[in-house]
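Here is the structure we will look at.
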Amino acid sequence: MALTIGRWPALGSQGSQVATAAFFAFSTYVSATSTLDKSTQLGQIVLLVLIGCGIGILVNVTVLPPLRYRSAEHGIRTLAHALCDLVSDIYPALRECGLDEERTGRWRARAEQTGELVTQARTGLRMARESLHYNPRRLFRRGRVAIHFEGYAAALEALERTLRQVAALTRSLDKWSADEDRYRYGDFLAGYADFLESLSRITRVFADLDEDRLGDQTSQLHQLADQAQNCRRRLAEQAERDHLPLTDPGRPYGVLVIEAARLMEEFQYTCDVLQHHVER
């Protein structure tokens with residue numbers, strides 16, 4: 001019976017402890033030498049189970065839900081922090097045209113090492129959802145919980161895609177060739193730096209995501225997204241004014257312009273997702 005109960009999906013990783021607890025309880029029961037002792041031991045085991053269930057329910061109702069709910073926010077914040085730190089390292093170097101191989105290699109390595117952060121964020125979201133699913137408090141705030149979790153899940157997926165786009169951007173920068181000096185790309189890189197700086201402001205808001213301030217934060221995100229869109233348009237216009245070889249597949253300029261457009265799409269979608277679920 002204990003083995004069957006331990007396989008219940010709702011118990012998650014704690015299921016294996018059911019059989020262990022049952023084994024020790026049974027050992028204590030059979031070690032009793034008389035019927036009275038067995039009855040006493042059985043009563044104590046039942047009492048301990050009831051006390052444990054009571055404490056578990058009390059903690060789950062009063063303490064655990066907000067902590068687990070915040071774990072969903074924490075996962076998004078962690079990804080946003082990593083994204084913000086990386087982008088904030090890139091754009092000052094672009095302004096200085098500092099695209100040496102060592103620096104771009106570090107950016108690329110950092111962008112490609114975010115898989116563990118994504119896994120942790122997904123785990124936090126799953127734990128938060130499971131914690132509230134089996135909690136009686138959800139009956140009093142069902143709509144709000146469902147809306148926020150849908151929004152957080154969608155935002156998390158969008159941030160994952162954004163990280164992949166940033167990784168693609170760092171690969172493009174890492175392939176920057178020294179013979180690009182034949183082109184006047186200083187203004188282009190400065191424009192790209194402005195664009196990435198505008199994106200870093202968006203990531204800072206995500207890094208401070210708070211359920212209690214989502215309304216104000218989504219409004220701020222949309223304002224910042226509009227500014228980033230303007231920077232992206234100016235970047236594309238600058239590339240055309242400088243007559244950079246955007247259609248040459250052997251040059252990075254066209255790829256970088258495309259990466260900027262894709263990054264903007266993902267950031268805009270992430271902001272729209274949160275706005276949608278807040279307004280519901």
Side-chain angles (χ1 to χ4, degrees), residues 76-77 79-99 104 107 111 151 154-155 157-173 176 180 183-209 213-248 251-279:
I76 295 177
R77 289 175 180 174
L79 287 182
H81 269 299
L83 189 56
C84 182
D85 290 344
L86 179 56
V87 173
S88 296
D89 282 348
I90 295 175
Y91 74 77
L94 294 185
R95 284 206 177 101
E96 301 168 359
C97 297
L99 294 177
T104 57
W107 295 339
E157 291 176 0
L159 281 174
E160 286 184 49
R161 293 193 299 270
T162 303
L163 280 169
R164 288 196 292 269
Q165 288 300 137
V166 171
L169 169 64
T170 59
R171 288 193 294 271
S172 297
L173 292 175
W176 193 276
E180 298 303 330
Y183 300 104
R184 295 176 56 246
Y185 58 77
D187 292 338
F188 174 77
L189 288 187
Y192 219 102
D194 292 340
F195 171 65
L196 292 181
E197 184 177 12
S198 67
L199 294 186
S200 73
R201 299 190 188 104
I202 297 177
T203 59
R204 290 192 190 101
V205 177
F206 276 110
D208 194 32
L209 200 66
R213 297 187 291 123
L214 271 182
D216 294 337
Q217 287 179 323
T218 51
S219 298
Q220 184 181 3
L221 284 171
H222 270 282
Q223 293 176 0
L224 294 174
D226 289 341
Q227 295 174 13
Q229 285 282 18
N230 291 332
C231 289
R232 187 200 62 79
R233 282 191 289 267
R234 288 196 296 270
L235 170 66
E237 293 168 357
Q238 184 65 51
E240 292 180 358
R241 282 196 300 270
D242 291 343
H243 303 290
L244 297 177
L246 300 180
T247 59
D248 185 349
R251 301 296 177 187
Y253 307 106
V255 175
L256 289 174
V257 171
I258 293 173
E259 295 296 353
R262 290 174 176 172
L263 270 174
M264 192 64 248
E265 288 177 2
E266 294 298 347
F267 272 96
Q268 186 67 62
Y269 175 75
T270 309
C271 297
D272 291 342
V273 160
L274 281 181
Q275 181 70 41
H276 171 71
H277 289 286
V278 166
E279 290 178 348

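Note that the numbering runs from 1 along the sequence shown for the chain.
- The line from CD of Q268 to CD of Q229 is 5.5 Å long, rounded to the nearest 0.5 Å.
- Inter-residue side-chain proximity for D194 and R234 is flagged as unmet; no heavy-atom pair is nearer than 4.5 Å.
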(message) Between R164 and E266, is the salt bridge (Lys or Arg N to Asp or Glu O under 4.0 Å) condition met? List the steps.
(response) CA-CA 10 Å; R164 288 196 292 269; E266 294 298 347; over 6 Å; no

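- Contact check for F267 versus L224: no side-chain heavy atoms found under the 4.5 Å cut-off.
- With sequence neighbours excluded, no residue forms a side chain to side chain donor-acceptor pair (under 3.5 Å) with D226.
- Separation of atoms CD (E265) and CG (D272) is listed at 11.5 Å; rounding is to 0.5 Å.
- Atom-to-atom distance recorded for T203:OG1 and L79:CG is 11.5 Å, nearest 0.5 angstrom.
- Remark: the S198 side chain and the Q227 side chain contain no N/O donor-acceptor pair separated by less than 3.5 Å.
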(message) If you apply the rule side-chain contact (heavy atoms from CB on, under 4.5 Å), what do you find for L94 with L173, and how did you get there?
(response) CA-CA 10 Å; L94 294 185; L173 292 175; 4.3 Å; yes

(message) Between E197 and R201, is the salt bridge (Lys or Arg N to Asp or Glu O under 4.0 Å) condition met? List the steps.
(response) CA-CA 7 Å; E197 184 177 12; R201 299 190 188 104; 3.7 Å; yes

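- For D208, the side chain to side chain donor-acceptor pair (under 3.5 Å) test picks out R213, with sequence neighbours left out.
- Atom CG of L169 and atom OG1 of T104 lie 11.0 Å apart (nearest 0.5 Å).
- Across all non-hydrogen atoms, the minimal contact from L235 to G191 is CD1-C, 3.9 Å.
- Atom CG of L196 and atom CG of D89 lie 11.5 Å apart (nearest 0.5 Å).
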(request) Let me see the working for D242 and Q238 under side chain to side chain donor-acceptor pair (under 3.5 Å), right down to the final yes or no. (result) CA-CA 6 Å; D242 291 343; Q238 184 65 51; 3.0 Å; yes

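- With sequence neighbours excluded, the residues forming a ring pair (Phe, Tyr, Trp, His ring centres under 6.0 Å) with Y192 are F188, listed by chain and number.
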(message) Let's go through L274 and F206 carefully: what are the C-alpha distance in whole Å and the side-chain angles of both, what is the deciding distance for side-chain contact (heavy atoms from CB on, under 4.5 Å) to 0.1 Å, and is it a yes or a no?
(response) CA-CA 10 Å; L274 281 181; F206 276 110; 3.4 Å; yes

(request) Would you check, one step at a time, whether the test side-chain contact (heavy atoms from CB on, under 4.5 Å) holds for W107 with V166? (result) CA-CA 10 Å; W107 295 339; V166 171; over 6 Å; no

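- Closest non-hydrogen pair, A193 versus R95, comes out as CB-CG, 3.3 Å.
- A heavy-atom distance below 4.5 Å is found between the side chains of C271 and I202.
- Contact detail for P92 and S88: the closest heavy-atom pair is CD-O, 3.0 Å.
- When every heavy atom of A261 is checked against every heavy atom of R232, the shortest pair comes out as CA-CD, 3.7 Å.
- Minimum heavy-atom separation, F195 to A228: CD1-O, 3.6 Å.
- Note that the CD atom of Q275 and the CG atom of L221 stand 9.0 Å from one another [nearest 0.5 Å].
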(request) For T170 and I90, run side-chain contact (heavy atoms from CB on, under 4.5 Å): C-alpha distance rounded to whole Å, both residues' side-chain angles, the deciding distance at 0.1 Å, then the answer. (result) CA-CA 9 Å; T170 59; I90 295 175; 4.0 Å; yes

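- Taking all atoms of both residues into account, the shortest heavy-atom contact from E259 to A168 is OE2-CB, 3.5 Å.
- Panel note: side chain R204, backbone C84; no donor-acceptor pair is recorded below 3.5 Å.
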